[in-house]
Structure formats: C-alpha cells, structure tokens
2 protein chains.
Amino acid sequence: MVTIYDIAAQANVSAMTVSRVINNTGKISEKTRLKVKKVMDELGYVPNQMARSLVLQQTRILFLLITDIMNPFYTTLARGAEDAARKHGYRLLFGNSDESLDKEGEYINTILTTRVDGALLAPAGDPSLPHLEQLRKHNVPFVLLDREVPGIACDIVLGDSKDGARSLVEHLVKQGHRRIALVNGSSSISSARLRLQGFQEAMKLNDLTLREEDIHETTFGPHLDVEAMGLWIDTIVMDSMPTAIMAGNNVLAVVLIRLLRARGLRIPEDISVVCFDDFGLNSEVDPFITVAAQQAYQFGYLGMQMLIERIQERNSPPPWKRIMLPAELIVRRSVKTQG
Amino acid sequence: MVTIYDIAAQANVSAMTVSRVINNTGKISEKTRLKVKKVMDELGYVPNQMARSLVLQQTRILFLLITDIMNPFYTTLARGAEDAARKHGYRLLFGNSDESLDKEGEYINTILTTRVDGALLAPAGDPSLPHLEQLRKHNVPFVLLDREVPGIACDIVLGDSKDGARSLVEHLVKQGHRRIALVNGSSSISSARLRLQGFQEAMKLNDLTLREEDIHETTFGPHLDVEAMGLWIDTIVMDSMPTAIMAGNNVLAVVLIRLLRARGLRIPEDISVVCFDDFGLNSEVDPFITVAAQQAYQFGYLGMQMLIERIQERNSPPPWKRIMLPAELIVRRSVKTQG
DNA sequence: CTGAAAGCGCTAACAC
DNA sequence: GTGTTAGCGCTTTCAG
C-alpha cells in the first residue's frame with residue numbers, strides 16, 4: 001500500500017507537505033505541489049479513509065437503513081435520499097433490515113463502529129427504541145422515516161397514514177361497499193396503528209359496523225405469515241364475505257390478491273381490494289390496484305436534507321422537525337361499484 | 001468517546017487486556033474478563049472499527065454496487081447478495097451508480113478509500129474498464145454481475161442474454177409476427193450487445209428481414225432519452241408499423257408501453273410487446289408483459305459466494321470462474337396472435 | 001512555505 | 001495471565 005510517506009520520500013519532502021497537497025490546506029509553492037502531485041500519480045496513491053477518519057473524527061459518509069429493499073416504496077425513497085446526499089457532497093451507504101429487529105441491530109452496530117456522520121432510518125417498529133437510544137447516546141445524528149417510535153424525540157418524516165386510510169375507506173363507501181375488511185401490518189409499527197385508526201374512524205363516520213374478525217394483523221414486509229393470512233381469508237369468506245378488503249401496504253396487497261385468486265375469487269368482480277403505497281415501475285404499465293400513494297421520493301429527499309442540516313447545526317441544534325406528507329388516492333381497477 | 005484506555009483505567013488493567021477481552025483472544029482469567037466486561041457495559045463502549053481496520057488491514061465489509069436501485073432486477077439481486085454475505089459473517093454496504101460512469105467512479109473511490117474487503121459490481125458498461133483496473137491494481141477482490149467488460153479477466157455471473165433474446169423472438173414468430181422491432185440498451189454494455197445478437201440471429205434463422213430503422217439504441221436505466229424513443233416510434237409507426245416490439249430490459253418496456261399508449265395504440269391489440277427481465281412485486285398481481293425472466297436472486301447469491309471464496313483463497317487464487325444463468329420465457333398477455 | 005513530534009484507537013509481538 | 005512497546009496512515013500543533 002502506498003502511503004504519504006512513500007510519496008514524501010520519492011518527492012524529497014516531508015509527509016506533512018504531501019498531506020497539505022492532498023487536502024489543499026496551508027500554503028505550498030507551486031513547484032513542490034506539482035512535484036508531489038506527479039509522484040502521487042506515478043505511485044497510484046489512494047488516501048486511506050480509515051486513517052484519515054481516525055484523526056478527523058468524521059467520515060463524510062451517511063447511512064440509510066431501509067426495511068425492505070424489494071419494496072418500491074423504499075427503493076424510491078432511497079433514490080431521493082441519494083440525490084439529496086450527493087447534492088451536499090456526502091456519500092451514502094445503504095443497509096436493509098428486512099423488517100427484522102436483529103438485522104436492524106447489526107446495522108446499528110455498523111453505524112456505530114464505522115463512525116458514519118449520521119443515519120437516516122426507517123425503524124422496524126416501536127421495539128427499535130433501544131437502537132435509537134444507542135445512536136442518541138453515542139451522539140450519532142439521525143432522522144426517522146415513515147415510522148414514529150414512542151419514547152424518542154427526533155427529526156422525522158411521516159406519511160399521513162390516518163388520512164390516507166380514511167380516504168381509501170371513503171372511496172370504498174362511495175362505491176357502495178358496507179362491509180370492509182383490513183389486513184394490516186404489526187401494531188407495533190406506528191404507521192400500521194394509524195392506518196387502523198383511520199380505517200376505524202372512517203367506518204364509524206359512515207355508520208358502518210366493524211366486525212372484529214374482519215381485521216387481520218400480520219407484518220409488513222418480506223417475512224409475513226402467508227398461511228395465517230390464508231386461514232383468515234378462509235374464515236371470513238366462509239362467514240359471508242366482506243365486499244372489499246383494504247391492505248395496510250403494497251406487499252400485503254400482493255399477497256392478499258394472490259391468496260384470494262388461489263381461492264377462485266376474481267378481483268374486483270368477486271371482491272374489491274385497495275391498499276397503501278404504490279408499486280413503482282410497472283404500476284405504470286398496467287395500473288391495477290387502487291391505492292393511497294405516498295410521496296416516496298420526498299420521504300428520502302426531505303429526510304436527508306433534515307439530517308444534513310442537523311449535522312451542520314451540530315453546535316446549536318435547532319428544535320426537532322417533523323414533516324408530514326399527504327397520501328394521494330389513485331383510483332384504478334381493483335374496486336367494483338356495488339349494486 | 002470511550003476507548004479501551006478508559007476501560008483499562010477503570011478496570012485497573014492494561015489496554016491490551018481489554019483488547020483481549022473484546023476479541024476473545026489469548027488467555028484471561030475469568031475474574032478479569034468479568035471485571036472488564038462490566039466496565040465496558042457501564043461506560044457503553046463501542047469499538048472503533050476504523051482504528052481496528054487500520055491495524056488489521058481488513059474490514060469484514062463487502063460492497064455491492066448496482067446500477068439502478070429502482071429496478072426490481074437489481075433489488076432482487078441485492079437480496080441474494082445480502083443473504084449470502086450474512087451467511088458468511090460479512091456486512092454488506094450498497095451503492096447505486098444509476099448507470100452513470102461518474103457515479104460509478106465515485107463509488108469505486110469509496111470502495112478504495114474505505115478499504116472494504118471486496119466488491120460485487122454491476123458495471124455501467126465497457127467504459128467501466130478503468131474502474132476495474134483501479135480495483136485490480138489496488139488488490140481489491142471483485143466479482144462482476146450481469147455485464148462483461150472486455151479487457152479484464154475476473155469472476156463473473158452472467159445471464160444468457162443471447163439465448164433469452166432468441167426465445168423471445170421465437171415466441172413472437174410462433175405467434176405469427178414477421179416484422180419485429182427492438183429497443184435496446186447501449187451497445188457499450190455486453191448484455192445489450194448479446195441481446196441484439198440473439199435478436200438478429202433469431203430473425204435470420206426464421207428468414208425474416210430486419211430493417212435497420214426497426215432497431216433503436218438508447219440506454220437502460222433511469223436516465224433514458226424518452227423523447228428520442230418517442231421520435232423513433234413516430235418514425236416506425238408512420239412507416240407501416242411492426243406488429244411487435246422487443247425491449248432490451250424491463251425499464252425500456254415500461255417507457256415503450258407508455259409512449260405507445262400515448263399515441264393511442266393498445267397493447268396487445270394494436271401492437272405486441274415483450275422484454276427482458278421481470279417486474280418483481282406486482283408482476284404477481286397483474287402479470288401483463290411477456291418476458292424472459294432472469295434469476296435475479298441467484299445473480300446476487302452466487303456472485304457473493306464467488307467473491308467470498310476469492311477473498312478466502314487470496315493466497316492461492318483459483319482460476320477465474322464464470323457462471324451463466326439461463327433466462328426463462330414467461331408468456332403473459334402482451335402478445336397478440338397474428339392472423 | 002516547510003518540517004518534527006505527537007496522537008487518533010487499536011492490536012501484534014514480545015516481554016515478564 | 002498480563003503488561004510494554006511499537007506502529008497501522010493520517011493530520012494537528014507548533015517551530016523554524
């Protein structure tokens with residue numbers, strides 16, 4: 001490995017001079033600068049970021065932790081975060097927690113041990129609290145995305161889950177649906193809770209009775225219990241079907257639809273389906289599911305901006321900021337108008 | 001920041017003893033071990049990975065560079081890579097080059113300066129050669145994904161682009177199509193070249209004449225020139241339309257379909273469309289486009305395995321390996337059978 | 001304008 | 001079992 005000492009020796013200067021050339025600090029004669037640069041090129045010098053970070057106590061690297069890299073919501077969000085980071089000259093590293101608290105813990109560890117300058121994170125849920133406390137304790141600036149964690153005050157970008165859920169229900173009601181079921185993510189996740197609330201409120205507002213068995217709680221994300229959901233469907237189907245089902249996010253909707261079809265049910269002819277979050281790439285090609293779409297890109301972009309501000313104002317920290325982004329109802333073909 | 005010296009002082013031992021406790025090396029009396037561990041907990045010690053890497057000359061971190069984080073092919077691949085990395089106790093960091101040579105260069109730089117132990121990369125194309133040469137020169141083990149780069153010998157996982165393209169054309173021909181057009185990625189990308197070749201060969205094999213103007217070359221990925229593609233469509237449409245168009249990948253197919261529809265053309269009634277690569281999440285919900293699907297997950301999983309082997313056999317490097325994964329034709333609803 | 005010395009937090013090698 | 005010394009590659013501080 002080529003070090004500044006190798007260069008110093010070759011160029012007949014001190015290591016310090018080389019360091020100055022690299023970082024453009026201090027005053028250096030044009031002659032030595034050129035000489036040093038030449039040797040650097042010849043030897044193919046690459047600065048050692050670890051050594052530099054060790055003394056500088058900063059990395060100029062930020063970390064983005066998402067919970068499901070196969071979910072278009074998060075990948076779109078990642079693009080937004082990336083764009084904002086680049087704009088401010090930061091590098092961005094990604095991690096994927098897979099909605100798993102353990103994996104999240106590992107990444108928190110990576111964040112801590114690699115001493116990145118800050119982190120943008122979508123927490124796995126309320127139990128993520130200790131992880132966030134770790135970050136706080138070690139002075140790692142962070143911004144939360146999409147999910148609030150009770151017990152910690154911090155910057156956050158949220159979607160208006162309650163209102164989004166409400167608008168989905170309203171839409172169904174306007175189409176004549178009276179009995180509506182819900183498959184939702186874990187109630188240990190703030191967004192899932194709010195979607196449930198919005199759902200319940202909208203039902204009440206429309207004087208619709210909500211049967212307890214019409215609500216099924218499972219998990220967002222990649223490891224959801226498909227069998228349990230199938231069982232639930234069998235139960236409510238046997239028991240005189242609801243005419244519509246709302247899914248707490250896009251992944252749930254996909255699994256739901258697959259299961260419904262496996263039971264010979266057509267959508268929307270036999271049963272209607274709506275969900276939270278859009279589908280990225282090919283929702284453009286053959287837009288099928290009626291959704292409450294979130295501004296995924298903005299989540300990432302704005303969140304990253306907040307994070308960078310927080311880092312820059314480190315010395316005189318501003319009050320915690322909170323951004324709430326609306327969800328937009330996009331009507332497509334998965335809802336049938338009821339007689 | 002809490003260091004091993006702080007702990008050493010508190011526990012009345014030397015820093016070295018603390019280091020031994022942390023790393024479980026050497027022999028240490030149970031008593032001191034417990035004492036040290038206790039102090040570590042109390043003080044909330046977090047090892048400094050930078051310092052450790054600096055002396056160890058390794059990070060146990062691997063890097064995955066993909067070219068389009070919004071493309072389901074790459075995110076599925078990422079999941080595969082992640083699973084394989086975890087299995088072997090490595091941490092994985094992601095980067096997204098966005099099909100841009102510049103961004104790729106920045107990430108190459110990050111890879112070099114952060115001294116990760118190895119990299120798994122989907123190169124932007126043939127011009128990525130200097131980047132790979134940099135890695136090689138600095139002894140960073142790497143494995144290529146999806147795209148070959150002439151001029152560099154290395155481990156690689158490839159899809160059978162030629163054969164996949166051929167099977168797509170064969171399918172169209174069997175459905176009675178005679179004039180087939182192609183929108184493809186840049187010919188500076190090996191996979192695009194092979195898809196073109198497969199396309200041409202299949203046309204020839206079926207005695208079909210291929211008009212030069214029926215081939216449009218643009219770029220894969222997020223920054224493709226939509227206008228130019230629109231212009232091309234206008235040209236070939238005016239000039240008595242082809243009955244089918246093949247797209248070099250999924251992103252191209254989406255843009256293509258959007259443009260065709262904007263011109264009032266229905267798919268497949270007015271024109272058929274097929275493409276390379278599948279669509280992830282909601283190709284399950286409403287599978288529309290007939291595709292040559294690649295084993296995205298396997299790309300990542302096998303590639304990561306090769307990378308880790310390469311790192312482990314560092315001292316007696318095995319010959320370069322090359323895996324070619326077949327593409328599978330999945331027939332859906334975007335192709336019409338011609339009279 | 002340039003250099004020498006010290007230290008960032010850690011571990012390998014060698015002592016005791 | 002445990003401690004001392006040196007050094008990973010870099011930059012800050014202070015001299016000149």
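Letters A, B, ... are given to chains in the order of the sequence lines, protein chains preceding strands, and every chain is numbered from 1.
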Closer than 4.0 Å, any side-chain N/O of A/Ser53 to the OP1 or OP2 of C/dC8?
no

Could you list by number each residue of residues 41-49 of chain A showing a heavy-atom separation from DNA chain D of less than 4.0 Å, or answer none if no residue does?
A/Tyr45, A/Pro47, A/Asn48

note: B/Lys35, atom NZ; D/dG1, atom P; distance rounded to Å ~ 14 Å

Taking the side chain from A/Asn71 and the backbone from A/Phe73, do they hold a donor-acceptor pair closer than 3.5 Å?
yes

Under-4.0 Å salt bridge between B/Glu106 and A/Arg60
no

Is B/Thr25 close enough to C/dT11 that one of its side-chain N or O atoms is under 4.0 Å from OP1 or OP2 there?
no

Considering heavy-atom distances to DNA chain D, does A/Val2 or B/Gly26 have its closest nucleotide positioned more toward the 5' end?
B/Gly26

Whole Å only: how far is the CZ atom of A/Arg60 from the P atom of D/dC10?
19 Å

So for B/Tyr5 and C/dC8, does any side-chain atom that can act as donor or acceptor lie under 3.5 Å from a complementary atom in the base?
no

Do any N or O atoms from the side chain of B/Ser128 and from the backbone of B/His131 form a donor-acceptor pair under 3.5 angstrom?
no

Remember a base hit wins even if backbone is also touched, and classify A/Ile22 as base, sugar-phosphate or nothing at under 4.0 Å, heavy atoms.
nothing

Any carboxylate oxygen within less than 4.0 angstrom of a Lys/Arg side-chain nitrogen, looking at B/Lys87 and B/Asp83?
no

I'd like to know if the side chain of A/Tyr74 pairs up with that of A/Asp146 as donor and acceptor (distance under 3.5 Å, no hydrogens or angles considered).
yes

Nearest whole Å is fine: how far is C/dC8 P from B/Arg52 CZ?
18 Å

Report the distance from atom CG of B/Asp6 to atom P of C/dC8, rounded to the nearest whole Å.
10 Å

Please pick, from D/dG9, D/dG3, C/dT2, the nucleotide with the shortest atom-to-atom distance to any side-chain atom of A/Ser29.
C/dT2

Whole angstrom value for the distance that separates C1' of C/dT11 from CD1 of B/Ile4:
8 Å

To the nearest angstrom, how far is A/Arg115 atom CZ from C/dC8 atom C1'?
11 Å

Base, sugar-phosphate, or nothing for A/Met50, non-hydrogen atoms under 4.0 angstrom?
nothing

Could you tell me the separation between the CD atom of B/Gln57 and the P atom of C/dT11, rounded to a whole number of Å?
14 Å

Any side-chain N or O of A/Ser14 below 4.0 angstrom from OP1/OP2 of C/dG3?
yes

If you compare every side-chain N and O of B/Ser19 against the phosphate oxygens of C/dT11 (OP1, OP2), does one of them come in below 4.0 Å?
yes

Return no unless some side-chain N or O of A/Thr17 is found under 4.0 Å from OP1 or OP2 of C/dT2.
no

Hey, is the main chain of B/Val39 close enough, under 3.5 Å, to the side chain of B/Gln10 for a donor-acceptor pair?
no

Taking N and O atoms by type only, does the side chain of A/Arg20 place a donor or acceptor under 3.5 Å from a partner on the base of C/dG3?
yes

Less than 4.0 angstrom between a side-chain N/O of B/Thr32 and OP1 or OP2 of D/dT2, yes or no?
yes

Hey, which sits more toward the 5' end of DNA chain D by its nearest nucleotide, B/Ile28 or B/Leu54?
B/Ile28

Would you mind reading off the distance between A/Leu34 atom CG and C/dC1 atom C1', rounded to a whole angstrom?
16 Å

Classify the angle between the aromatic ring planes of A/Tyr107 and A/Phe63 as parallel (below 30°), tilted (30 to 60°) or perpendicular (above 60°).
tilted

Below 4.0 angstrom, N of the basic side chain to O of the carboxylate: do A/Lys38 and A/Glu42 qualify?
yes

